Amino acid sequence: MSIFNIPIQLFSTQIMLGLINGAFYAILSLGLAIIFGLLNIVNFAHGAFYMLGAFGALLLLDHLGINYWAALVIVPLLIGLLGCVIERSVLRWIYDLDHLYGMILTFGMSLVMVGIFRNMYGATGLAYSMPPSLQGGFNLGFMYLPASRAFVIVASGLVCLLTWLAIEKTRVGSWLRAATEKPQLTEAFGINVPLLITLTYGFGVALAAFAGVLAAPIFSVNPMMGSDLIIVVFAVVVIGGMGSISGAILSGFMLGLVEGVTKVFWPQASSTVIFVIMAIVLLVRPAGLFGKQD
Amino acid sequence: MKRTVSCLAMMVALTTAAHAQMANDGIKIGVLTDQSGVFSSLAGAGSVVAANMAVEDFGDKFGVPVQVVSADHQNKADVGTQIARQWYDVEGVDVIVDVPNSSVVLAVQELAREKDRMLIASGSGTAALTNESCSPNGMHWTWDTYAVAVSTGKAMVEQGGDKWFFLTADYAFGHTMQKDVTAVVEGAGAQVVGSVVAPLNTADFSSYLLQAPAAGANVIALANGGTDTINSLKQAQEFGLNQQARLAGLAIFLTDVHSIGLDAAQGLYLTTGFYWDRTEESREWSKRFFDRHGAMPTMAQAGVYSAVTHYLNAIAQTGTDSAAPVIAQMKATPVNDFFAQNGTIREDGRMVHDMYLAQVKTPAESSGPWDYYKILATVPGDEAFRPLSESACPLVKH
């Protein structure tokens with residue numbers, strides 16, 4: 001059986017792989033959307049934090065013998081903390097300025113971080129061994145699914161779901177949403193909005209670091225790994241609607257899927273297809289698929 | 001522009017006649033390389049170390065100083081050309097060496113011809129340097145895409161790889177390699193059952209790679225380089241594709257294997273112009289290099305040492321650093337060192353030397369870091385490089 005001359009088996013495989021890549025897009029675009037929603041900052045350093053996550057896992061393993069599972073918790077906490085420090089010391093001075101300043105500042109930070117790692121570890125990158133418990137895989141009938149990829153999709157799906165629930169269904173989430181809409185009024189109710197902002201930035205950054213740890217055994221750990229990905233993730237956020245939490249998650253998975261299918265039919269276009277969709281979405285719905293029209 | 005300048009003053013007087021013929025009161029060797037980008041590990045600072053070692057090992061044989069200067073071309077043809085122009089015009093650089101990155105090296109080779117200076121390429125792989133874009137002022141020392149791709153292709157067909165699938169990077173480098181290897185493997189009776197063209201800097205190659213078993217391939221050829229190769233290999237192993245088909249790397253350097261790790265790279269077939277652990281001489285030199293650079297040399301870095309040494313020998317024999325007589329002397333003299341045995345420089349500028357077919361060891365076979373290759377066969381230079389009879393170089397008389 002085949003679809004447009006492509007065997008159904010290969011087609012199903014690509015859908016599965018698309019979903020897995022979509023999981024990375026979702027978790028990264030979720031962090032970006034949260035940060036943009038509350039801080040109004042287009043965080044160009046997000047790719048660098050993703051890279052820091054992967055390097056963090058690698059350095060913990062190489063120097064302290066801390067394994068992948070512990071790194072999944074420790075690294076996002078550490079990088080999240082770094083995010084909080086950066087927000088307190090650097091970002092808060094530019095909230096009242098135009099978006100452009102935030103973009104330039106975070107882009108500059110990203111260049112510095114990538115430059116430091118390139119000088120220290122070279123451009124070719126390093127290898128992170130697959131943890132023993134993630135070796136092997138499952139035969140799904142239509143494809144062989146490595147355990148590492150299955151874990152990525154489960155872990156990422158779970159983190160996205162928990163984040164969405166935390167923001168939409170909890171009291172802290174309601175403060176966050178209130179602070180996003182009307183920060184001064186929220187502060188008048190006795191909520192510490194500056195602290196909320198710091199923690200939100202730290203959390204968004206921690207999500208990027210978490211994705212970085214997930215990526216370490218699968219992709220080459222190199223200083224440029226985030227820069228290559230971040231542009232696509234920005235397109236995903238724009239398609240989902242800037243600042244929309246559910247939009248970021250859904251469009252992440254959806255665009256991973258579209259990209260996967262493109263890799264079968266027209267491989268050369270796979271790096272472009274997301275931007276074509278972005279252009280179309282912006283023409284038809286300027287606020288994005290899930291964004292609120294002003 | 002990041003620049004390091006190392007200077008070796010050689011004040012032992014030779015004849016005044018020899019002294020008088022050195023332009024600019026000395027010999028200047030410019031290492032134009034990638035010091036921060038994708039080629040910085042395979043060439044970069046290691047190439048500068050190699051050039052410095054060559055100058056130091058050569059010793060005080062001229063009455064003038066021999067200097068090594070270096071710069072980062074940032075993988076931009078305009079930046080590279082600007083530095084080269086400054087070096088040739090203002091700073092009196094006699095020869096530029098290394099220059100990984102096809103677009104930069106092709107531009108610098110043109111400039112060397114215009115200024116009547118010299119270029120000896122080592123890190124770059126484009127076979128065009130000594131084919132359609134050849135120059136009387138240029139030499140290509142270490143490897144080219146034709147040699148590594150074709151040698152690997154032939155060897156794999158001989159070992160039973162008769163159904164080929166190409167994973168090709170979507171730019172000139174990848175397309176050229178696919179074309180050259182296809183011609184060779186089809187000529188040897190194998191069949192190309194499929195190919196997929198992937199954009200440069202893709203992170204996830206699994207979607208592309210999984211199309212290979214579906215096409216019934218028993219060889220997956222990676223016509224890509226750098227991080228793309230590393231990611232493809234990692235993911236081929238993750239999906240168990242190295243159990244279903246043999247993997248052939250068409251442009252692999254020792255530092256790539258170091259970066260990938262033996263777990264993912266084991267079993268990979270490749271062709272290299274140099275491996276440190278091959279002869280007593282190569283081991284001795286490489287250990288000295290390691291002590292200074294902290295990594296074993298790649299073929300590009302070893303090639304820089306060999307080229308600079310041969311260049312300085314030619315100056316010693318001719319007593320001048322003018323391009324034309326030095327080039328003629330270099331071409332007339334065979335290259336014999338730890339890098340090449342009886343290497344010859346053809347009229348198209350190609351330094352023809354033996355290449356080596358290698359397979360990456362398994363973690364059990366390796367005794368530790370940098371013990372990565374098993375040398376399976378020596379590919380004689382005449383078979384490895386494009387024969388002059390197929391050359392499109394205008395300098396070659398058919």
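As the structure is a computational prediction, the values presented were derived from the model and not from experiment. In the text below, chain A, chain B and the rest are named by the order of the sequence lines, each starting its count at 1.
- Thr13(A) touches chain B through its side chain: at least one heavy atom from C-beta onward sits under 4.5 Å away, while N, CA, C and O do not.
- Within the 4.5 Å cutoff, no side-chain heavy atoms of Met296(B) are placed close to those of Pro369(B).
- Using cut-offs of 30° and 60° on the angle between ring planes, the pair Phe55(A) and Phe117(A) is tilted.
- With a 4.5 Å cut-off on side-chain heavy atoms, Phe173(B) and Thr126(B) do not count as touching.
- Looking at Pro217(A), the atoms closer than 4.5 Å to chain B (heavy atoms on both sides) all sit in the backbone: N, CA, C or O.
- Taking the six-membered ring where the residue is Trp, Tyr372(B) and His258(B) present tilted rings, their angle falling between 30° and 60°.
- With Phe253(B) as the fixed residue, the ring pair (Phe, Tyr, Trp, His ring centres under 6.0 Å) test singles out one of Phe274(B), Trp143(B), Tyr275(B): Trp143(B).
- Taking the six-membered ring for Trp and thresholds of 30 and 60 degrees, Phe151(A) and Trp69(A) have ring planes more than 60 degrees apart, a perpendicular arrangement.
- Judged by distance alone, the side chain of Gln359(B) and the main-chain N or O of Leu268(B) form no donor-acceptor pair under 3.5 Å.
- Both the backbone and the side chain of Ile218(A) come within less than 4.5 Å of a heavy atom of chain B.
- Within residues 204-212 of chain B, the residues that have a heavy atom under 4.5 Å from a heavy atom of chain A are Asp204(B), Ser206(B), Ser207(B), Tyr208(B), Leu210(B), Gln211(B), listed by number.
- Note on ring orientation: taking the six-membered ring where Trp is involved, the planes of Tyr128(A) and Tyr68(A) are tilted (angle from 30° to 60°).
- Among Pro213(B), Ala203(B), Ala264(B), Gly44(B), the residue making the largest number of heavy-atom pairs under 4.5 Å with chain A is Ala203(B).
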